[in-house]
There are 2 protein chains.
Amino acid sequence: MGASGRRIPEATVARLPDYLRLLTESLDAGVVNLSSEELADLAGVNAAKVRKDLSYLGTYGVRGVGYDVEYLIYQFRRELGLDHDWPVVIVGAGNLGQALAGYGGFRERGYPVAGIVDVDPAKVGTKIGEIEVRPVTELAAIVRRCHVSIGVVATPAPAAQLAADRLVAAGISSILNFAAVLLTVPSTVSVRKVDLAVELQILSYYEQRRAAAALATPRAQLAHGG
Amino acid sequence: MGASGRRIPEATVARLPDYLRLLTESLDAGVVNLSSEELADLAGVNAAKVRKDLSYLGTYGVRGVGYDVEYLIYQFRRELGLDHDWPVVIVGAGNLGQALAGYGGFRERGYPVAGIVDVDPAKVGTKIGEIEVRPVTELAAIVRRCHVSIGVVATPAPAAQLAADRLVAAGISSILNFAAVLLTVPSTVSVRKVDLAVELQILSYYEQRRAAAALATPRAQLAHGG
DNA sequence: GATTGTGAAAGCGTTCACAGCC
DNA sequence: GGCTGTGAACGCTTTCACAATC
């Protein structure tokens with residue numbers, strides 16, 4: 001049996017990258033072994049959750065001792081498919097697309113930018129670090145040449161569906177979508193959405209609530225104090 | 001009773017901004033009324049979920065008819081605290097910070113950038129659109145002057161905690177964190193984290209799974225086909 | 001003695017299904 | 001007749017608690 005044997009719950013999958021990062025930082029700091037409680041503290045979660053999460057990958061811990069950091073990192077990287085790079089292609093060379101292309105963190109974490117394309121002829125040819133913006137017509141060629149399977153949609157909202165269609169036609173099977181629209185793609189394609197305005201709205205909702213609560217019971221603090 | 005009366009589940013809160021956007025787009029397109037099923041289709045979710053989500057805000061629908069789009073937008077905006085702008089301050093004027101500051105979408109959606117600060121003297125004074133990068137020492141002054149309650153951490157990971165500490169000291173009560181670290185803040189401060197590398201790792205996990213599954217059962221397709 | 005791995009319990013979130021209302 | 005609002009059922013996630021193991 002291999003990595004493909006088990007089915008890992010979505011909620012756990014979403015936490016694996018965080019564990020991996022914490023483990024890597026620990027290893028760099030010279031930590032050889034970690035207990036579930038120590039890892040839980042680093043991740044800001046409950047120790048039982050850490051143990052259950054790790055148990056989906058396999059039984060890599062030692063009772064009474066904990067987990068070998070280096071070995072766990074190896075298993076995490078294998079499970080997450082990080083034994084090789086995953087080149088990405090970015091569609092849209094506006095503010096965000098440029099920032100993403102220029103952001104070294106992607107390459108560093110195993111996601112080199114294979115290319116960035118735009119429909120706007122004025123943008124084609126400009127350089128972002130070492131990467132040159134190419135016309136969108138070259139998308140399929142880039143995908144084929146660099147074996148890209150992840151595409152990033154960084155276009156304005158009205159252009160996002162077309163960008164996604166082009167990515168799918170080019171043979172991509174995962175999309176990270178920064179545009180504020182629901183993308184329609186074949187069921188074989190995974191999509192994750194990051195909407196910055198949505199994040200701010202969630203924050204301001206809770207701000208608003210606190211403000212409303214403070215107004216509604218202005219003397220509650222005093223009551224509790226006495 | 002007002003908006004502050006009910007307690008809305010987190011999962012619902014996270015969907016409200018999406019509904020609001022879809023409703024606004026519908027209104028712009030001339031749609032006056034929507035049923036829960038129509039809104040569900042737009043949002044890519046189940047109609048029962050839409051009805052339950054909306055029911056937490058109040059009983060704004062009409063049985064046999066649906067929801068009045070304009071009235072629902074009004075209620076959403078009130079509930080989300082969008083009856084006024086929420087100025088934000090950005091800490092870190094690197095790639096991402098600059099992109100965020102230059103991204104018009106924030107202002108447009110009610111989150112004008114009140115300021116962007118950086119510790120690097122070389123960056124101070126540079127202009128991003130109409131906004132000038134200021135030294136981090138001016139953070140508290142900006143927060144006070146513009147009544148900012150939301151801060152954005154767009155620094156490299158090692159500087160993120162210090163940035164958060166400064167934001168908290170300056171009086172901020174919500175933080176949107178783009179750095180790949182867990183921020184420690186007082187319990188009165190809300191934090192939301194956006195980690196782009198994590199999103200890519202989640203996508204590549206599922207990519208990896210598909211690839212492994214395809215290898216494990218290379219003839220499964222044929223078997224199903226026959 | 002310490003810590004894992006995991007059944008069982010508790011808590012949330014989603015979906016169903018239908019009474020209630022227009 | 002059509003659609004909402006919601007109790008009840010279901011399923012997923014988290015947490016507890018402890019036997020198994022080093």
Side-chain angles (χ1 to χ4, degrees), chain A residues 1 5-19 22-23 26 31-73 75-76 79 182 198 202 205-206, chain B residues 1 5-19 22-23 26 31-73 75-76 79 182 198 202 205-206:
Chain A
M1 66 193 127
R6 315 161 206 87
R7 254 216 69 199
I8 303 181
E10 268 193 55
T12 296
V13 170
R15 281 186 295 268
L16 297 185
D18 282 315
Y19 294 142
L22 295 166
L23 288 167
S26 296
V31 177
V32 169
N33 189 278
L34 278 175
S35 68
S36 60
E37 189 156 357
E38 289 167 325
L39 184 50
D41 285 350
L42 292 174
V45 302
N46 179 297
K49 187 185 277 184
V50 168
R51 290 200 297 279
K52 187 132 279 187
D53 282 344
L54 298 196
S55 76
Y56 292 118
L57 307 193
T59 61
Y60 300 136
V62 180
R63 288 162 200 243
V65 178
Y67 302 87
D68 181 272
V69 175
E70 194 164 5
Y71 184 58
L72 207 49
I73 288 173
Q75 292 297 347
F76 263 90
E79 191 73 36
L182 180 70
V198 165
I202 294 170
Y205 167 77
Y206 288 112
Chain B
M1 64 192 126
R6 315 163 205 85
R7 252 217 70 202
I8 303 182
E10 268 193 55
T12 296
V13 171
R15 281 187 295 269
L16 297 185
D18 281 315
Y19 293 141
L22 295 167
L23 288 167
S26 294
V31 177
V32 170
N33 189 277
L34 278 175
S35 68
S36 60
E37 189 156 358
E38 288 167 325
L39 183 50
D41 285 350
L42 292 173
V45 301
N46 179 297
K49 187 185 278 183
V50 168
R51 290 200 297 278
K52 187 135 279 186
D53 283 344
L54 298 196
S55 78
Y56 292 118
L57 307 194
T59 60
Y60 300 137
V62 180
R63 290 165 199 240
V65 178
Y67 302 88
D68 181 273
V69 175
E70 193 163 6
Y71 183 59
L72 207 48
I73 289 173
Q75 293 297 347
F76 265 89
E79 191 74 33
L182 181 70
V198 165
I202 294 170
Y205 168 76
Y206 289 111

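Sequence lines set the chain letters: A, B, ... in the order given, protein chains first and strands last, and positions in each chain run from 1.
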Look at the side chain of [X] and decide which nucleotide, out of [options], has an atom nearest to it.
X	options	result
A:T59	D:dT13, C:dC16, C:dG5	C:dG5
A:K52	D:dT13, D:dT14, C:dC16	D:dT14
A:S55	D:dT4, C:dT6, C:dT15	C:dT6
A:R51	C:dT14, C:dG5, C:dG7	C:dG5

Using a cut-off of less than 4.0 Å, is there contact between a side-chain N or O of [X] and OP1 or OP2 of [N]?
X	N	answer
B:S36	D:dT4	yes
A:N46	D:dT13	no
A:Y67	D:dC22	no

Please give, in whole Å, the distance from [N] [atom2] to [X] [atom1]?
X	N	atom1	atom2	result
A:E37	C:dG5	CD	C1'	16 Å
B:D41	D:dC3	CG	P	12 Å
B:L57	D:dT6	CG	P	12 Å
A:I8	D:dT13	CD1	C1'	15 Å
A:K49	C:dG11	NZ	P	15 Å
B:L34	D:dT4	CG	P	10 Å
A:D68	D:dC22	CG	C1'	15 Å
A:R15	D:dT13	CZ	C1'	8 Å

note = Taking every heavy atom of B:S36 against every heavy atom of B:R51, the minimum-distance pair comes out as OG-NH1, 3.0 Å
message = Classify B:Y60 by what it touches in the nucleic acid, base, sugar-phosphate, or nothing, heavy-atom distance under 4.0 Å.
response =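 Sugar-phosphate contact only.
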task = Report which part of the nucleic acid B:A11 touches: base, sugar-phosphate, or nothing (heavy-atom distance under 4.0 Å, all strands).
result = sugar-phosphate
ask   = Would the number of heavy atoms belonging to other residues, nucleotides or ligands and lying under 6.0 Å from CD of A:E37 be above 12?
value = no
query = Hey, what do you get for CG (B:L16) to CD1 (B:I8), rounding to the nearest 0.5 Å?
reply = 6.0 Å
message = Tell me if a side-chain donor or acceptor on B:D68 pairs with a main-chain N or O of B:N33 at a distance below 3.5 Å.
response = no
key: 5' precedence on DNA chain D between A:D53 and A:V65 (nearest-nucleotide basis)   =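 By nearest-heavy-atom nucleotide position, the 5'-most residue is A:D53.
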key: Non-hydrogen side-chain atoms of B:V50 and B:Y19 separated by less than 4.5 Å   = yes
inquiry  = Base of C:dT3, side chain of A:R63 - is there a donor-acceptor contact under 3.5 Å?
reply    = no
